[in-house]
*Asks:* 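Please see the structure below; I have some questions.
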Amino acid sequence: MDEKKIEEAVRLFLEGIGEDVNREGLLETPARVARMCRQIYGGLARDPEELLKKQFVSQSSQMVVEKDITFYSTCEHHLLPFWGKAHVAYLPEGKVAGLSKLARTVEVYARRPQIQENLTAQIADALEKYLSPKGVMVMLEAEHMCMSMRGVQKPGTRTVTTAVRGAFAEDFQLQQTFFQMVKA
């Protein structure tokens, strides 16, 4: 990440909206924003394969669900935040991932500028690719600041997206079981 370019861009942005970049409260803002970008866009420099390659042998083939994973992301269209809960499930095929790895996989993709629809698919694709399970299902529920504070201005509106792979795509009952587990 090029922090100097970010600082320069923030200064230009502040000038562009009519602010005095030499005002006391803004003097350190470009550097603060540059440091913040390392954290909120840190997923750009991470590979989920590193997280998901650590697996454990398991005889269980029953659904594994991790729900209510809080995530924060940034809309690539307006560079405004969206945040919510991710719910992920997979059907193991002889191996399972550490539970924290599922949440960390959500985090890797959430920490990139993008749209929720792609975020949902990226998480499902990574779990399918690196865990080789019988099936994967991912559901994201999120509020978008681009809908809450600008444009249509409807705070509290949640967008829900899903991605299904493998056995989940073929078996409606599995999907229903997932939804029931998420609601519980």
*Asks:* Hydrophobic clustering (ILVMFWY, side-chain heavy atoms < 4.5 Å, transitive) - are M139 and Y90 grouped together?
*Replies:* no
*Asks:* Taking only residues two or more places apart in sequence, or in another chain, which ones meet T177 in a side-chain contact (heavy atoms from CB on, under 4.5 Å)?
*Replies:* M63, Q173, M181
*Asks:* Suppose we screen for side-chain contact (heavy atoms from CB on, under 4.5 Å). Which residues come up paired with E19, at least two apart in sequence or across chains?
*Replies:* L14, I17, R23, L26
*Asks:* Working to the nearest 0.5 angstrom, can you tell me the gap between Q180 CD and Q176 CD?
*Replies:* 7.0 Å
*Asks:* For residues A34 and I6, report the shortest heavy-atom separation together with the two atoms involved.
*Replies:* CA-CG2, 3.6 Å
*Asks:* For F168, what residues pass the ring pair (Phe, Tyr, Trp, His ring centres under 6.0 Å) criterion, not counting sequence neighbours?
*Replies:*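 So F168 forms no ring pair (Phe, Tyr, Trp, His ring centres under 6.0 Å) with any residue.
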*Asks:* Mind checking the NE2-NZ spacing from H87 to K183? Nearest 0.5 Å is all I need.
*Replies:* 11.5 Å
*Asks:* Which residue pairs satisfy the salt bridge (Lys or Arg N to Asp or Glu O under 4.0 Å) criterion with at least one member in residues 26-46, sequence neighbours excluded?
*Replies:* E3-R38
*Asks:* Filter on salt bridge (Lys or Arg N to Asp or Glu O under 4.0 Å), then keep only pairs touching residues 148-168, sequence neighbours left out; what's left?
*Replies:*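 Matches after skipping sequence neighbours: D125-R165, E141-R158.
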*Asks:* Please round to the nearest 0.5 Å and tell me the distance separating atom OH of Y41 and atom CG of L79.
*Replies:* 5.0 Å
*Asks:* For G98 and F56, work out which heavy atoms get closest and say how close.
*Replies:*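 Residues G98 and F56, closest heavy atoms: N-CE1, 3.9 Å.
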*Asks:* Nearest 0.5 Å, please: how far is CD in E66 from OG1 in T105?
*Replies:*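 One gets 10.0 Å once the value is rounded to the nearest 0.5 Å.
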*Asks:* Nearest 0.5 angstrom please: L127 CG to M137 CE, how far?
*Replies:*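 Between atom CG of L127 and atom CE of M137 there are 13.0 Å.
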*Asks:* Out of V88, L102, V136, which one pairs with I123 under the side chain to side chain contact (heavy atoms under 4.5 Å, CB included) rule?
*Replies:* V88
*Asks:* For side-chain contact (heavy atoms from CB on, under 4.5 Å), just list the numbers for F178 and V164, CA-CA rounded to whole Å, side-chain angles, deciding distance to a tenth of an Å, and then say yes or no.
*Replies:* CA-CA 11 Å; F178 169 79; V164 294; over 6 Å; no
*Asks:* Please identify each residue that fulfils side-chain contact (heavy atoms from CB on, under 4.5 Å) with K5, with sequence neighbours left out.
*Replies:*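 Testing K5 for side-chain contact (heavy atoms from CB on, under 4.5 Å), a comparison that skips the adjacent residues, returns D2.
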*Asks:* D47 vs Y130, test: side-chain contact (heavy atoms from CB on, under 4.5 Å). Steps then yes/no.
*Replies:* CA-CA 11 Å; D47 183 350; Y130 299 117; 4.0 Å; yes
*Asks:* With clusters defined by side-chain heavy atoms of hydrophobic residues (ILVMFWY) lying less than 4.5 Å apart, directly or transitively, does V182 cluster with V160?
*Replies:*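 Yes, one cluster joins them.
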*Asks:* Test: salt bridge (Lys or Arg N to Asp or Glu O under 4.0 Å). Region: residues 70-97. Which pairs qualify, not counting sequence neighbours?
*Replies:*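 Found none.
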*Asks:* Decide salt bridge (Lys or Arg N to Asp or Glu O under 4.0 Å) for R11 and E7; before the verdict, give the C-alpha distance in whole Å, the side-chain angles of both, and the deciding distance to 0.1 Å.
*Replies:* CA-CA 6 Å; R11 275 189 211 86; E7 288 181 34; 3.5 Å; yes
*Asks:* Yes or no on side-chain contact (heavy atoms from CB on, under 4.5 Å) for M145 and C75, after CA distance, side-chain angles and deciding distance?
*Replies:* CA-CA 9 Å; M145 290 303 289; C75 166; over 6 Å; no
*Asks:* Looking only at side chains, do T161 and Q116 share a donor and an acceptor under 3.5 Å apart?
*Replies:*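 The criterion, which ignores hydrogens and geometry beyond distance, is satisfied for Q116 and T161.
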*Asks:* Once side-chain hydrogen bond (donor to acceptor under 3.5 Å, both in side chains) is applied, what residue pairs with a partner in residues 52-65 remain, sequence neighbours excluded?
*Replies:* E50-K53
*Asks:* Within a radius of less than 6.0 Å around CZ of F179, do more than 12 heavy atoms belonging to other residues, nucleotides or ligands occur?
*Replies:* yes
*Asks:* For the hydrophobic clusters of this structure (ILVMFWY residues joined by side-chain heavy atoms under 4.5 Å, transitively), does one cluster hold both V96 and I69?
*Replies:*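 Hydrophobic grouping puts V96 with I69.
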*Asks:* Would you find more than 12 non-hydrogen atoms of other residues, nucleotides or ligands less than 6.0 Å from M36 atom CE?
*Replies:* yes
*Asks:* Can L80 be reached from I40 by stepping across I, L, V, M, F, W or Y side chains whose heavy atoms are under 4.5 Å apart?
*Replies:* no
*Asks:* Using links of under 4.5 Å between side-chain heavy atoms of ILVMFWY residues, direct or through other members, which residues join F172 in one cluster?
*Replies:* none
*Asks:* Show which residues join L12 in its hydrophobic cluster (side-chain heavy-atom contacts under 4.5 Å, direct or indirect), or state none.
*Replies:* none
*Asks:* Same hydrophobic cluster for L131 and V64, using side-chain heavy-atom links shorter than 4.5 Å among ILVMFWY?
*Replies:*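 In one cluster with L131: V64, yes.
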*Asks:* According to salt bridge (Lys or Arg N to Asp or Glu O under 4.0 Å), does anything in residues 98-117 pair up with another residue at least two apart or in another chain? List the pairs.
*Replies:* E107-R111
*Asks:* Check L91 against A167 and note the closest heavy-atom contact, atom names and distance.
*Replies:* CD1-CB, 3.7 Å
*Asks:* Do Y72 and P81 make a side-chain contact, defined as non-hydrogen atoms from C-beta onward lying under 4.5 Å apart?
*Replies:*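 Not touching, per the 4.5 Å side-chain cut-off.
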*Asks:* Can S148 and E143 be said to form a side-chain contact (heavy atoms from CB on, under 4.5 Å), step by step?
*Replies:* CA-CA 8 Å; S148 297; E143 182 169 348; 2.7 Å; yes
*Asks:* Report the hydrophobic cluster partners of I115, with the cluster defined as I, L, V, M, F, W, Y residues connected by side-chain heavy atoms closer than 4.5 angstrom, directly or transitively.
*Replies:* none
*Asks:* Could you measure the distance from the CG atom of L119 to the CZ atom of F82? Nearest 0.5 Å is fine.
*Replies:* 5.5 Å
*Asks:* Of all the heavy-atom pairs spanning A126 and L52, show the shortest one and how long it is.
*Replies:*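 Looking at all heavy atoms of both residues, the shortest contact is O-CD1, 3.9 Å.
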